[in-house]
Amino acid sequence: MSINKESEDEPIRIGVFVCHCGTNIGGVLDCEELAEYAATLPNVVFSDHNLYTCAEIGLTTIKEAIEEHNLNRVIVCSCTPRTHEPLFRSICEEAGLNKYLFSFVNIREQCSWVHMKKPEDAFEKAKDLIKMGVARATKLEALETIVVDVDPSALVIGGGISGMNAASNLSKQGFKTYLVEKEKNLGGLLNSLYRLFPNDQESSELLKDIEGRIQADKNITVYTSSMITSIDGFVGNFEVEINQNGNSIRIKVGAIIVAVGATPLKPINLFGYDGKIRITQFELENVLKNYSLNTNNIVMIQCVGTRNEERMYCSNFCCMSALKNALIIKEKNPDAHIAILFRDMHTPGIAYEEYYRRARESGIIFIKYLPEKPPIVEENKIKIYNEYLGTEIIIPYELLVLSTPLIANEDNKQIAQLLKVQLEENNFFLEAHVKLRPNDFATDGVYIAGSAKWPVDITESISQGYAAAARASTILSHDTLEVEGAIAYLPEEYKDLCRGCEICLKLCPYKAIRKNEKDEIEIIQVLCKGCGVCVASCPKKAIKIKHYTNEQILSEIYAFGGIKLP
Amino acid sequence: MNFEPKILGFLCNWCSYAGADLAGVSRIQYPPNIRVIRVMCSGRVDPKFIFTSLQVGIDGIIVMGCHPGDCHYLEGNYEAEVKFKMVKLLLNLVDLQDRVHLEWVSASEGVRFGEVVTNFTESIKKLGPSPLSGENFDQHLFEKLKAIELAADGERLRALVARKRIIMEEGNIYGEKISQEDLDEILISAIEDEFLRQQILLKLKNEPLSVKDLSQLLNIDSSVILKHIISLKARNLIDYDKIEGITPFYQKL
C-alpha cells in the first residue's frame, strides 16, 4: 500500500472524471458541461469526461492524469460504488495513490436513470452530487490497511458427531486441529443411541468408525475430560487455555468451532415420568440396545415439554426418533400395540416420509392431541381427547415413552462469555445471520456446528460440521489477513476524554472494543467492521472513525446547503 | 413557481443505498429533489448531522436503514431508531419534527425506495420551505436549533440514548430492568432540561445576564431559570460576572 502521494502540507489537488457510460448517463446529462462545472469547484485542478471511464482508455486517462497533474484525490462520477469502487481504487493504487483517496459520485443509478424524464433537474442534482463529492474528497485521508498473521490451526469444542466431523475435515485439509471434549469419551449423544435413522445403522458402528479415524489422525490432538478455561486474542490468533483433569494446557489457534451439542430434557413432573415404566425416548434407546422389552402395550407422547410457553421451539428430530424406535419394536415384536400421540408429525424429505408410511403400514396408531387438551396419564391407562371423534379415548399402556426435546447445555453461557459470542433466548448459540451466515458467529474466526445452535439430527450435525470446517478454512488457508482501513479508533489525544462508561463495549456487535490491563479502552483493528455505531454513540465523542469522519460527512451537508464549512 | 424542496438522504450502504441502485437499474422514476450521503450503517448517523442539515436550510432529511433483524452489522439499525426518537423529541420543541423521517428499505425494495422518496418529498412540499432557508430565514429559530444541537451533542443526552437499549435489555448496574415508558419519561425530562440550559448558555455567551433578563429573553418563568442557573453553576459552566444592587449577573465560562 502506497501513501507516498499524501503529505500534510501538500495542497489538495483533485481530479474529477465524468463518465458518459455510453448513453446511460450521457443520454440524459451533459457530461462535458458537468466536467467543466467540476473544474470550477475548490481544489479541483483537473477534470475530464470519457465515454466509458471503466474501459481501458478511461482507466489510462486516470493514471496519466494522476501522474501529469500530480493529483492527490481522484473522483469518478459514474455508476454505483457498490460495483465499481474496487476497480477505480486499484487503478489509483497502480498510479501510486492511496486507495482511500479515491471517491465515487453516483450519477447513474441515483440520477440519470431515475430522473431521465427530467433532464434539467437531473443535471442540477448531478452538479450538487459532484459538489458534495468534491467537498468530501477534500477531507479524505490516506489510510493504511494492516496485515496480521494467521495461525494455521483450529480448535473444535465438543467431541460429538458434529465436532468430530469438523475436526476430521480440518485435519484432512492440512490444518493442525485440537478437539476438546468435556466427557471421558468422544461421541457425545451417539453413546446413548441404539440405531440411527434413516439407514438403521447402529450408532456404535458409526461412532467406532469416526472415532477410529480421529484417534489415528496424527494431525488431531484430542483432549477428553477437558474444559476451556480462557480464550484470548482474535481471528487468526486465539490463545486458548484448556484444563484437563486439573492440568493446564495452552494452545494457539487461528479459528474456533463450537460444536458442544445439547442436552436431552428430563421431563420431571410431566406425564408421570418416573424413569421406569414412564421413560424418555432417549432412555428407550438404552432399553432397545439390550432388547429387554417384554411389554405389548406401548404409548409414545410427542412434544413433551416443548412447543409450549416455556420452550417455544420444535426439537426437530423427535418425530423421527419415535417413528424409528416404534418400528424397531414392531420388528422385534410384531404383536406389540404401539400408539403415538402427536401434535403434528414432522417427517420432511423422501427418506423420513418413508418411515411414516412404513409405520402406518405396520399398524402403528397415530392419534392427534390438542395442546390445550393434553393426554391424561393414569396408573396404567391414558385418556386422550380425539378431536375428530369429538370424544375421549382410553388407551392401556405398560410402557409410556415421552419424546422430550434437546435443551441448551448448562455451560453454554460460560463458553459464550469466553468466546464473546451471543446466545439466543433458549440459551442455544446464536449464528451471525440465519440465512447469509448460518455457521458463522458475528465474531470473526469463530464458527458453529450441530445442536449447539439448534436441535438437529445426525445427518444435519455432520453436514454442519463440514460447513463450519469449510468456513474456518477460509481463514486458515491464508498466511495473513488484511484488515479494512476504514475502522473506528480512539485517537491518542482523545484518550483522556474517555471516562470508562463501557457503552461502546456493549454496543459493539463484534466485540472489537475491550479494556486493556491499564483499564483503557482499546479497539482491536482486526475485529472492527467500521459500522460507526460506537462513534455516533460515545457520550464523550472520544471514539473516531476513519473514512466516514464527522468532518467528511458534515462537509457534504454544508456543500449541499450551499454554505462553506466554518 | 412551485416550491422544490431540498431533500437530504442518509442511506445505509448495505440496504437502502443498494435499494436506490436497484430503483435505478429498474428505471423507477422519483422526484429529483433528494441528494444522498452514503454511510456504512444508519447507526452511524449522529443526531448532529440532522440538526446541521436543518441549520444549513435543507428542507427535509430522511434516514434509511435495514429492516429490523436484517442489519448488516446486527443491531446498528436499532441504535439508529433510538437516536432518531430523541431527534424527533428535540425537534418537537421547535415544531420541525415533520421535516425528518426514518424508514427501513432493503436492497431488494427498489420500487419501494422510489415510493418512500416520492412520499417524503411530497410531504415536505406540503410543509413548504424550511423557516431556515432562503429569504424567510428565522434567526430566532436558528438559535433555538443551535441550542438543540448542543443539547443532543452533550454528554448527558448522548449517554442516555446510547445506554437505552442496554438498560432495557440487560438492566442498569443494580440489575433493574427499566421499561421503555419510564426511560422515555426520563429522556423527555432530560431533553427539556438540556434544551433550556443550552439556550441559557448561548445567551450568556454574548453578554452577562441576570435571571430576570434570561426569564424575559427566553419567555420562561424566573424560578425555572434560577433552578437551571444553580445547576449550571454547580457544573462550572457559568459563574458570577458582577452584582448590581442585589441582582447577580452570570457569564458563560
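Quick note on labels: first sequence line is chain A, next is B, and so on, each numbered from 1.
Taking Val82(B), Asp46(B), Val45(B) one by one and counting their heavy-atom pairs under 4.5 Å with chain A, the maximum is reached by Asp46(B). Of the listed residues (His72(B), Glu170(B), Glu75(B)), the greatest number of heavy-atom pairs within a distance under 4.5 Å of chain A belongs to Glu170(B). Top candidate by heavy-atom pairs under 4.5 Å with chain B, chosen from Gly532(A), Ala536(A), Cys501(A), is Ala536(A).
In this structure, Arg89(A) is positioned above the aromatic face of Tyr100(A), its NZ or CZ under 6.0 Å from the six-membered ring centre and within 45° of the axis.
With 3.5 Å as the limit, one finds a donor-acceptor pair spanning the side chains of Tyr73(B) and Trp14(B).
Neither the backbone nor the side chain of Arg136(A) has a heavy atom closer than 4.5 Å to any heavy atom of chain B. Looking at Phe104(A), there are no atoms closer than 4.5 Å to chain B (heavy atoms on both sides), in backbone or side chain. If you measure heavy-atom distances from Met116(A) to chain B, the contacts under 4.5 Å come from both the backbone and the side chain. For Lys125(A), the parts sitting under 4.5 Å from any heavy atom of chain B are the backbone and the side chain alike. Using a 4.5 Å cut-off between heavy atoms, Ala18(B) touches chain A through backbone and side chain atoms alike. Of the atoms belonging to Asn24(A), it is side-chain heavy atoms, and not backbone ones, that fall under 4.5 Å from chain B. For Phe10(B), the part lying under 4.5 angstrom from a heavy atom of chain A is the side chain only.
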(message) Walk me through whether Lys125(B) and Glu4(B) qualify under salt bridge (Lys or Arg N to Asp or Glu O under 4.0 Å).
(response) CA-CA 7 Å; Lys125(B) 272 189 185 173; Glu4(B) 289 299 337; 3.7 Å; yes

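Between Gly110(B) and Leu22(B), the shortest heavy-atom contact is N-CD2, 3.7 Å.
Without hydrogens or angle criteria, Asp59(B) side chain to Lys6(B) main chain gives a donor-acceptor distance under 3.5 Å. Between the Gln552(A) side chain and the Lys139(A) main chain, a donor and an acceptor come within less than 3.5 Å of each other. Remark: side-chain polar atoms of Lys541(A) are not paired, donor with acceptor, to backbone N or O of Leu497(A) under 3.5 angstrom. With hydrogens and angles disregarded, a donor-acceptor distance shorter than 3.5 Å links the side chain of Lys453(A) to the backbone of Pro438(A).
Contacts between residues 147-169 of chain B and chain A, counted as heavy-atom pairs separated by less than 4.5 Å, involve Asp153(B), Glu155(B), Arg158(B), Ala159(B), Ala162(B), Arg163(B), Ile166(B). Applying a 4.5 Å heavy-atom cutoff, the residues of residues 26-39 of chain B that approach chain A are Arg27(B), Ile28(B), Gln29(B), Tyr30(B), Pro31(B), Pro32(B), Asn33(B), Ile34(B), Arg35(B), Val36(B), Ile37(B), Arg38(B), Val39(B).
The pair Glu115(B)-Arg112(B) does not count as a salt bridge, with every side-chain nitrogen at least 4.0 angstrom from each carboxylate oxygen. Looking at Glu141(A) and Lys546(A), no side-chain N of the basic residue comes within less than 4.0 Å of a carboxylate O on the acidic one, giving no salt bridge.
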